[in-house]
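Working notes, beginning with the structure itself.
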Amino acid sequence: MNPANYLDVLRLPRVRPSMLLMLLARIPTTASGMTLTLHVVLALDKGYGAAGLVGTTGTIGIALGAPLMGRLIDRRGLRTVMVLSTVTEGLFWFTAPSLSYPVLLVTSLLSGITVLPMMSIGRQVLTALVPVAQRRTALAMDSMAVEVSYMAGPALGVLLTTTADSRTALWVVGAAMVASGVALWIANPPVRNEEEAFAGERPPRREWLTPAVLALLVTSSGAILVLAGTEVALVAALQEQGHVRWTGVLVIGMCLASMVGGFVYGGLAKAPTPRFLMATMGLLAIPVGLATGSLWLLALALLPANFLAAPMIASSGEVLTRLTPAAVRGEAMGLQGSAFTVGAAFGGPLAGFVIDHSSAGWGFAAVGAAGAGIAGIGALVDRRAGRREVVEVG
């Protein structure tokens, strides 16, 4: 690997301010889930099941809305989406403290459909700003920035709720989201480079939503399934040990391992395929179940699988930009965002079901085996169909 690749990317015009803006804009997005959960539990006096249901409806909305918002970016540009998302997000977050639980449940779904698509926008902007030869490094940096936002956002949400109250926390998150939308509207970073802006009309979906793209979306979903299930199994393992207070420390360790992995990946001249990374991540998650009896052994066992998290996300984004034309990149990125969301929606419940009927150790094994199994099934389908393109993109 060559660390100088990162300096070369950062020297490119508009890259540094765009990456900083996207990092700051993603923090309120990552804080939103935790803040809303605590509001339902503390202010509305509901259980965690009810709070989880609000999160589920929001997740469904995000999964449905991500491709629609991406398509709108393709057709109308970034500023149109920023206006729509900023207005709807502001209405939701500023009124959420006064809503009853049933109304909050419905509005969470509706708000999710038009939520600010910060994750996919960041990848789309970097793809436009950075030449093809340097996209691997740029997208690896973006994946590392995502890990930073996930370390900061939920922690800030908890801090706001515990030091003030949940209503204040909701207002602050809403204000931060509105500010992010306004800042992005003013900056208006490009979502296509100059050559792509004149690449021609938008092709029909059947021409670009190929088996290779579908395989990549399934791979993306499988990887997030492993990561989401691992987090649930981690909490259960620490609860079995009586060390729940260490959850935040271990999660930070997992994020740091992912950042290191992303740094290594971004400097590689030749990188492994997304499917290989996803399969390896799943296989490395399985033996974590053997380390649930010791806090420090568990902390160490979690590192190898999480080392591949940022590389997997960066790799899938890089391949997706090669497989889809620029005119549909927003929708394609949105579909990948939906795939990530679906993986997270299945990973947690899968781990939870297995843990409820056995132990935390089997939760790690279940989600790891599921990820490796998805990769294996995909490889068998590719082999039988003889689709060389799908095999190559992994």
Side-chain angles (χ1 to χ4, degrees), residues 20-62 65 82 85-119 121-122 145-184 228 231-232 235 244-252 255 341 344-345 348:
L20 179 59
L21 176 59
M22 293 309 306
L23 171 61
L24 296 175
R26 284 166 170 164
I27 290 176
T29 301
T30 59
S32 61
M34 181 65 72
T35 307
L36 199 56
T37 296
L38 292 175
H39 174 72
V40 173
V41 173
L42 300 176
L44 300 184
D45 198 24
K46 302 290 184 180
Y48 282 97
L53 188 57
V54 172
T56 299
T57 59
T59 298
I60 293 172
I62 292 171
M82 286 300 101
S85 294
T86 301
V87 171
T88 55
E89 286 295 284
L91 287 173
F92 173 74
W93 288 98
F94 290 136
T95 59
S98 61
L99 299 178
S100 65
Y101 178 75
V103 177
L104 187 64
L105 203 61
V106 175
T107 54
S108 177
L109 171 65
L110 298 177
S111 173
I113 294 175
T114 59
V115 73
L116 294 169
M118 293 301 184
M119 302 301 174
I121 288 175
V146 169
E147 296 292 349
V148 173
S149 67
Y150 272 105
M151 285 191 286
L156 290 174
V158 173
L159 180 64
L160 282 169
T161 304
T162 54
T163 56
D165 55 67
S166 64
R167 290 178 172 83
T168 301
L170 292 178
W171 287 327
V172 172
V173 168
M177 285 191 170
V178 170
S180 298
V182 172
L184 277 168
E231 290 182 0
V232 172
V235 175
V244 177
R245 65 184 182 278
W246 287 91
T247 302
V249 176
L250 266 63
V251 169
I252 290 175
C255 292
T341 302

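None of the values given here were measured: they were computed from a predicted structure.
- Pairs engaging residues 171-181 under the side chain to side chain donor-acceptor pair (under 3.5 Å) rule: none recorded [sequence neighbours left out].
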Without placing hydrogens or testing angles, list every side-chain donor-acceptor pair under 3.5 Å for residues 97-106, not counting sequence neighbours.
unit_1	atom_1	unit_2	atom_2	d
Ser98	OG	Thr95	O	2.9
Tyr101	OH	Ala50	O	2.8

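- A 6.0 Å sphere centred on CE of Met82 holds more than 12 heavy atoms belonging to other residues, nucleotides or ligands.
- Taking CG of Leu53 as the start and OG1 of Thr37 as the end, the distance is 11.0 Å to the nearest 0.5 Å.
- When all heavy atoms of Met119 and Ser149 are compared, the pair lying nearest together is CE-OG, 4.5 Å.
- Looking at residues two or more places apart in sequence or on another chain, you find a side-chain hydrogen bond (donor to acceptor under 3.5 Å, both in side chains) between Glu89 and Trp93, Ser111.
- Put simply, OG1 on Thr30 and CE on Met118 are 11.0 Å apart, with the number rounded to the nearest 0.5 Å.
- Once rounded to the nearest 0.5 Å, the distance linking CG of Leu38 with CG of Leu44 reads 11.5 Å.
- Between the side chain of Thr88 and the backbone N or O of Ser85, at least one donor-acceptor pair lies under 3.5 Å.
- Glu147 contributes atom CD, which lies 11.0 Å from atom CZ of Arg26 (distance to the nearest 0.5 angstrom).
- Here Val148 pairs with Leu23, Met151, Met259 under the side chain to side chain contact (heavy atoms under 4.5 Å, CB included) rule; sequence neighbours left out.
- Closest non-hydrogen pair, Val232 versus Gly348, comes out as CG2-CA, 3.7 Å.
- Atom CE of Met177 and atom OG1 of Thr86 lie 10.5 Å apart (nearest 0.5 Å).
- Counting heavy atoms from C-beta on, the side chains of Leu170 and Leu36 come closer than 4.5 Å.
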Side-chain atoms of residues 152-162: list all donor-acceptor pairs with protein atoms under 3.5 Å, sequence neighbours left out, distances to 0.1 Å.
unit_1	atom_1	unit_2	atom_2	d
Thr161	OG1	Gly157	O	2.9
Thr162	OG1	Val158	O	2.8
Thr162	OG1	Leu159	O	3.2

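- The salt bridge (Lys or Arg N to Asp or Glu O under 4.0 Å) contacts involving residues 165-184 comprise nothing, where partners must be two or more places apart or lie in separate chains.
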